[in-house]
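Okay, so here's the structure we're looking at.
First the proteins, then the strands, lettered A, B, ... as listed; each starts at 1. Please read all numbers here as calculations on a predicted model, not as lab measurements. All heavy atoms count here, side chains included; hydrogens, waters and symmetry mates do not.
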There are 2 protein chains.
Amino acid sequence: MQLALATAGLGPVFEAAPALRSRQDGTDAGTRRRFEAGEEIYAEGDRVVHFYKVVSGAVRTYRLLSDGRRQIDGFHLPGDIFGLEAGAERRTGADALTGTTLAAFRRGDREALTGGAGALAQEVVAAMLRALERAQDHMMLLGRKSARERVASFLLGLAERAGTDGAIALPMSRTDIADHLGLTIESVSRTLTRLERDGVIALPAHRRTVLLRDKAALRRLNA
Amino acid sequence: MQLALATAGLGPVFEAAPALRSRQDGTDAGTRRRFEAGEEIYAEGDRVVHFYKVVSGAVRTYRLLSDGRRQIDGFHLPGDIFGLEAGAERRTGADALTGTTLAAFRRGDREALTGGAGALAQEVVAAMLRALERAQDHMMLLGRKSARERVASFLLGLAERAGTDGAIALPMSRTDIADHLGLTIESVSRTLTRLERDGVIALPAHRRTVLLRDKAALRRLNA
DNA sequence: CGCCGATTTGAGCAAACTCAAGCAGCGTGG
DNA sequence: CCACGCTGCTTGAGTTTGCTCAAATCGGCG
């Protein structure tokens, strides 16, 4: 705990978190690491060495109860930073959902963090704040929303983050969605089917794609 | 977003978050503010000016859906810091649960933040990390735990934080507990009654006190 | 073409919810 | 000092949403 706030003061930190900067030319600092679909990135209890930025692919981070119940606390898409922890040991596990490339940063690596006018350091703080906001949204979803509302919120959020307005390519299985939304796989499936029957979405034969037909209806369900 | 990480590097920030330092002589920086039971500290949509540290009393922070459903994302006890936000507008509301004294800090106030070797700045970062960990625990609770497990986890967590081992004085109503645990007030009440019938807890006539009779049983429910 | 894992669908069940009373603690005022 | 009423909590009865268990279907792939 030796964070210095010497140069800029604390104020601006808690002002708007700007969109993540991301160099498109692949010159980001950090070591590239490749993971295959389903491969473990780290496990609960591991020593924390790195944190990561998704370059391509998708990642799930999750916690387990002793009897195997799982809660996926987030899906991470290109540009997202994950793997920040307060302690020395991982409290969550992380796996690649699909073939995934990550940029890995040693969490104490000053070189990487201060290079480029501290752009990465800015990103890291922004990532923490964003993670907190997402967690708040998700607690509302898990604590107070119906299955239909949960699925609607999930689809809208994913569409927004992925940028692919209208058609979403789901990188995760029904089981993953269920463990994220606090539902069973059957409830997720039934809810999607009902949303399709009601003309709100369409589910092409390829079940890993969802078309958002009636965004207004989805937004109404979003609260 | 101008946080400087110049002096210490980022590494140590993500090492262990030490216990909050708190001067017992009342010489903490920050303006004292007093709130009565039920009084609003800030509301969703307010402009963010301060963040707070609880000196005495208890606070709830919450979010609302348009139809009035409420999710309390946390209760804040003496020593806790709350009211940190990424944006310029409040995304959560906050009320005092009981008569409460807060230390208020302007979020851009360098004087307060750099005084005392940046002790408060350290606390602020630690508070963010702790808030994130609590949010993860709470998502697991909301997404995957039964009513009985939720209440057990809640009681254990409160006992640990309040330090009063064995007997807990609840500063919040059943409605607040329900809105925190994603249950209805009736379910909270029934679950407490059942835990008492099973000898796990005792509920003295004064319904704002809970005695933890069988912590091992509670821990088993905590998963 | 036929297998295999993932998804969907069906039937019945159960945990938690809703609606509705009843009760207890506490402050107020007669 | 006690009755009254208010608020918060508990309890009961019946309903509902989402779960469990089970089977059918689908898409991908060898």
Side-chain angles (χ1 to χ4, degrees), chain A residues 37-38 60 65 67-71 97-99 141-155 168-198 201-210 221, chain B residues 36-38 60 65 67-71 95 97-99 141-155 168-198 201-210 221:
Chain A
R60 63 175 174 239
L65 292 180
D67 63 0
R69 279 175 287 177
R70 184 178 65 157
Q71 177 64 40
L97 286 168
T98 62
L141 180 149
L142 294 171
R144 287 294 176 233
K145 290 187 180 178
S146 69
R148 196 177 171 92
E149 290 168 333
R150 292 181 200 202
V151 171
S153 299
F154 173 69
L155 293 176
I168 310 174
L170 299 175
M172 72 292 285
S173 69
R174 296 289 189 266
T175 302
D176 288 331
I177 297 172
D179 284 350
H180 184 50
L181 301 184
L183 299 170
T184 59
I185 178 176
E186 294 94 333
S187 289
V188 170
S189 183
R190 275 187 249 276
T191 303
L192 286 170
T193 302
R194 254 163 242 162
L195 286 172
E196 180 175 43
R197 172 174 49 65
D198 298 346
I201 61 172
L203 297 163
H206 194 330
R207 313 306 276 179
R208 290 295 184 98
T209 303
V210 180
L221 285 168
Chain B
E36 297 311 312
R60 64 176 173 238
L65 292 180
D67 62 0
R69 280 175 286 177
R70 184 178 65 156
Q71 177 65 39
D95 315 319
L97 286 168
T98 62
L141 179 149
L142 294 171
R144 286 295 177 233
K145 290 187 180 178
S146 68
R148 195 178 171 91
E149 290 168 333
R150 291 181 201 202
V151 171
S153 299
F154 172 69
L155 292 175
I168 310 174
L170 300 175
M172 71 291 285
S173 69
R174 297 289 189 268
T175 303
D176 288 332
I177 297 173
D179 284 350
H180 185 49
L181 301 184
L183 299 171
T184 59
I185 179 176
E186 295 95 331
S187 289
V188 170
S189 184
R190 276 187 248 275
T191 303
L192 286 170
T193 301
R194 252 162 244 163
L195 287 172
E196 180 174 42
R197 172 173 51 62
D198 297 347
I201 62 172
L203 297 164
H206 194 332
R207 313 306 276 177
R208 291 294 184 99
T209 303
V210 181
L221 284 168

Sequence neighbours left out, what passes side chain to side chain donor-acceptor pair (under 3.5 Å) with B/Arg208? Give chain and number order. none

Charged N to carboxylate O below 4.0 Å: is that the case for A/Asp179 and B/Arg144? yes

Let me test you: for the helix from C/dC1-D/dG30 to C/dG30-D/dC1, what is the angle between the axes at its two ends (five pairs each), rounded to 10 degrees? 20°

Test item: A/Gln71 side-chain N/O and A/Gly182 main-chain N/O as donor-acceptor pair under 3.5 Å: no

Less than 4.5 Å apart, side chain to side chain, heavy atoms only: is that true for A/Arg150 and A/Val188? no

At a heavy-atom distance below 4.0 Å, what parts of residues 185-194 of chain A sit against DNA chain C? A/Glu186, A/Ser189, A/Arg190, A/Thr193

Quick one: list whatever passes salt bridge (Lys or Arg N to Asp or Glu O under 4.0 Å) with A/Arg69, sequence neighbours left out. A/Asp67, B/Glu149

Which of these, A/Val151, A/Leu195, A/Leu203, sits in a side chain to side chain contact (heavy atoms under 4.5 Å, CB included) with A/Val210? A/Leu203

Indicate yes or no for a side-chain donor-acceptor contact from B/Ser189 to the backbone of B/Ile185 under 3.5 Å, with no hydrogens or angles considered. no

Under 3.5 Å, which donor-acceptor pairs do the side chains of residues 168-175 of chain A form with other protein atoms, sequence neighbours left out?
from, atom 1, to, atom 2, distance (Å)
A/Ser173, OG, A/Thr175, N, 3.3
A/Ser173, OG, A/Asp176, N, 3.1
A/Ser173, OG, A/Asp176, OD2, 3.4
A/Arg174, NH1, A/Arg207, O, 3.3
A/Arg174, NH2, A/Arg207, O, 3.1

Side chain to side chain donor-acceptor pair (under 3.5 Å) filter on A/Ser187, not counting sequence neighbours, yields A/Thr184

Side-chain heavy atoms of B/Asp198 within contact of B/Arg148, under 4.5 Å: yes

Looking at side-chain heavy atoms only, is the closest gap between B/Leu65 and B/Arg70 below 4.5 Å? no

If you take all heavy atoms of A/Gly143 and B/Leu142, which pair is closest and at what distance? CA-CD2, 4.1 Å

Calculate the interatomic distance between B/Arg144 atom CZ and D/dG18 atom P; express it in whole Å. 13 Å

Between protein and nucleotides 24-30 of chain D, what N or O pairs are separated by less than 3.5 Å?
none

Enumerate the residues from residues 174-182 of chain A whose closest heavy atom to DNA chain D is under 4.0 Å, giving them by residue number; use none for an empty result. A/Gly182

Going by side chain to side chain donor-acceptor pair (under 3.5 Å), name the residues that satisfy it together with B/Arg190, two or more places apart in sequence or in a different chain. none

Segment of DNA chain C, first to last nucleotide, that comes within the 4.0 Å heavy-atom reach of chain B: C/dA16 to C/dG25

Would you mind telling me which residue lines up with the more 5' stretch of DNA chain D, A/Thr184 or B/Ser173, judged by nearest nucleotide? B/Ser173

For a quick check of understanding: with a heavy-atom distance under 4.0 Å over all strands, which category does B/Arg208 fall into, base, sugar-phosphate or nothing? sugar-phosphate

With sequence neighbours excluded, tell me which residues meet side chain to side chain donor-acceptor pair (under 3.5 Å) with B/Thr191. none

Which pair of heavy atoms, one from A/Ser153 and one from A/Leu141, lies closest together, and at what distance? CB-CD1, 3.8 Å

